[in-house]
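Ligands are counted one by one from 1 in listed order, and the atoms in each one are counted from 1 as well.
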Amino acid sequence: MRVLVIGSGGREHALCRSLSLDPQVSELHCAPGNAGIAEIATLHPVAATDPAAVAALAGRLGVDLVVVGPEAPLVAGVADAVRAAGIACFGPSREAAMIEGSKAFAKEIMTAAGVPTADSRVCTTAEEAAQALDAFGPPYVVKDDGLAAGKGVVVTDDRQAALEHARACERVVIEEYLDGPEVSLFALCDGGTAVPLQPAQDFKRAYDGDQGPNTGGMGAYTPLPWLAEGVTEQVMREVVRPTVDELGRRGLPYQGVLYVGLAITAKGPKVIEFNARFGDPETQVVLDRLETPLGGLLHACATGTLAGEPEFRDGSAVTVVIAAENYPGDPVKGDVITGLEPTESAYVIHAGTKRENGDIVANGGRVLSVVGTGPDQETARRNAYDLVSRISLRGSHYRTDIAR
Ligand code: AMP
Ligand code: GLY
């Protein structure tokens, strides 16, 4: 099987790594990719968000499967263009990807499907926003309706700050605060059937102790020893299948991964958000533990032939993100990174990197995602941090409390 992966982050490197380990995958391409992906796939300088260019590249390469990594190409209609060219594509259509592209649309689907989530209101004026804030009370949750790379959400006790965020956005969703630990569950969907991957936990805040601003994610681990047995099945039953069915009823069959961000509240799991793609950096740890070859799984989703649940290896995986100076603000780029060689139980996934004059240099906010593995979480964690300590990038920062 010849596969083309679209994207250039840590998630795409992790996808390529797993695909390269699948004996069924004979050829691996990526556009546009990064310095880590270049070591295992052929890179093509095609813009990920250009549907016609991606479809043309896939046709030229004669691939059997295109895997779309990030949300922006999905919302731009890349999957539609690839499928229209007669090529199997892992990734939902532009319209189905609105489950991530519009928080208001996601809420509408959840209401129609009876999916447990936070009570919410869509607001377009400062007056509506103020009323909604007072109706729900603190902590206030204010979400930009559109795509914001994980940074459009403000959770705060400060009513003024909540109002200001609402004013800065054209349309916001204001909602009830959900109290409880967060879980990321990825469900693979083939347009009808949906199966779960192993749940993971992400660390969204920039600094130790869950301090600082929200980021795309600073670390993750799987499995979750504290998660009650049966929660995955409950979420498949109460959230994933009703959502996929509701989208199907609306003529939007969902092919790809449905990422369910959950809060495990006293009243059970409730949806915080949906994404139309794999989570980053959760993918790095989930795919590390996946035993079933990835190429076959993704191809089955793209062709409506998914059968049976994916299998996972015993043991634990922990990933720690190394971020550039100033991330999640405007990151410092261009500095040389050293110490990237893997150890026996840890390896480096590249996110924002590129090759320059033979060196690997930082080229994004989240630069690397170091994955450690072991028979248990504590060992996996130690192995990850051991490799983190060997890596050097001027000004970079990482959390020291991932999976602790
Ligand atoms: P989102 O982009 O919707 O995932 O929101 C980013 C982060 O904000 C989430 O991972 C949560 O930590 C937090 N968050 C979002 N919605 C809620 C909510 N209703 N209650 C509590 N925390 C929330
Ligand atoms: N790690 C969170 C996300 O990918 O949205």
Undergrad: Out of all atoms in ligand 1, which are within 4.0 Å of some heavy atom of Lys103? Include the element for each.
TA: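 Contacts of ligand 1 toward Lys103, numbered from 1: 1 (P), 2 (O), 3 (O).
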Undergrad: Should the pair Asp288-Arg313 be classified as a salt bridge under the 4.0 Å nitrogen-to-oxygen rule?
TA: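 Judged by the 4.0 Å cut-off on N to carboxylate O distance, Asp288 and Arg313 do not form a salt bridge.
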Undergrad: Not counting sequence neighbours, list each pair that qualifies as a salt bridge (charged side-chain N to carboxylate O under 4.0 Å, His left out) and has a residue in residues 326-341.
TA: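 The answer is Asp335-Arg394.
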Undergrad: Which of parallel (below 30°), tilted (30 to 60°) and perpendicular (above 60°) describes His44 and His29?
TA: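 Tilted, since the angle between the ring planes falls between 30° and 60°.
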Undergrad: Which is closest to atom 5 (O) of ligand 2 in terms of heavy atoms, Arg277, Met218, Glu282?
TA: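 Looking at heavy atoms only, the winner is Arg277.
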Undergrad: Please check this pair: side chain of Asp145 against backbone of Arg171, looking for a donor-acceptor N/O pair closer than 3.5 Å.
TA: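 No; judged by distance alone, with no hydrogens or angles, the pair does not exist.
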Undergrad: Provide the number and element of each atom of ligand 1 under 4.0 Å from a heavy atom of Val155.
TA: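 Listed by number with element, the hits are 8 (O), 13 (C), 14 (N).
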Undergrad: Of all the atoms in ligand 2, which lie at a distance below 4.0 Å from a heavy atom belonging to Asn275?
TA: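 Heavy-atom distances to Asn275 below 4.0 Å select 5 (O).
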Undergrad: Using a 4.0 Å cutoff against the non-hydrogen atoms of Asp202, which atoms of ligand 2 qualify?
TA: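 Those of ligand 2 that fall under 4.0 Å from Asp202 are 1 (N), 2 (C).
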Undergrad: Indicate whether the side chain of Thr319 and that of Gln284 have a donor and an acceptor atom separated by less than 3.5 Å.
TA: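 No.
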Undergrad: Show which atoms of ligand 2 fall inside a sub-4.0 Å distance from at least one heavy-atom site of Gly279.
TA: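 It comes down to these atoms of ligand 2: 4 (O).
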Undergrad: For His299, which residues count as a ring-ring contact (aromatic ring centres under 6.0 Å, His included) partner, sequence neighbours excluded?
TA: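 Here no residue qualifies.
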Undergrad: Going by the atom numbers of ligand 1, which of them fall below 4.0 Å from some non-hydrogen atom of Leu178?
TA: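 Every atom of ligand 1 under 4.0 Å from some heavy atom of Leu178: 18 (C), 19 (N), 20 (N), 21 (C).
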Undergrad: Output the list of atoms in ligand 2 that are nearer than 4.0 Å to some heavy atom of Gly216, sorted by atom number.
TA: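 In order of numbering, the contacting atoms are 1 (N), 2 (C), 3 (C).
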Undergrad: Using heavy-atom distances only, which candidate in Lys270, Glu182, Lys143 approaches atom 16 (N) of ligand 1 most closely?
TA: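 Of the listed residues, Lys143 has the closest heavy atom.
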Undergrad: Looking at Asp386 and Arg390, is there a salt bridge between them, counting it only when a charged N and a carboxylate O are closer than 4.0 Å?
TA: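 Yes.
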Undergrad: Looking at ligand 2, does any of its N/O atoms fall within less than 3.5 Å of an N/O of Lys204?
TA: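 No.
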Undergrad: Assess whether a salt bridge exists between Glu176 and Lys143, defined as any Lys/Arg side-chain N lying under 4.0 Å from an Asp/Glu carboxylate O.
TA: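 No, this pair does not count.
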Undergrad: In plain terms, say whether Asp179 and Lys270 are close enough for a salt bridge, that is, a side-chain N and a carboxylate O under 4.0 Å apart.
TA: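 The answer is no: the pair does not qualify as a salt bridge.
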Undergrad: Can you label the angle between the His350 ring and the His13 ring as parallel, tilted or perpendicular, going by 30° and 60°?
TA: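 Geometry flag for His13 against His350: perpendicular rings.
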Undergrad: Is Glu176 touching ligand 1 with its side chain, its backbone, both, or neither, if touching means heavy atoms under 4.0 Å apart?
TA: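 Under 4.0 Å from ligand 1, Glu176 contributes backbone atoms alone.
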Undergrad: Just to be sure I read this right, does ligand 1 sit under 4.0 Å from the backbone of Val153, its side chain, both, or neither, counting only heavy atoms?
TA: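 The side chain, only.
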Undergrad: What atoms of ligand 1 come closer than 4.0 angstrom to any heavy atom of Tyr177?
TA: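 Reading through ligand 1 atom by atom, the close ones are 20 (N), 21 (C), 22 (N).
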Undergrad: Using distance alone, determine whether Val141 and ligand 1 share an N or O pair under 3.5 Å.
TA: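 No, no N or O pair falls under 3.5 Å.
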Undergrad: Would you mind running through ligand 1 and noting each atom that sits below 4.0 Å from a heavy atom of Glu175?
TA: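 Answer, ordered by atom number: 16 (N), 17 (C), 18 (C), 19 (N).
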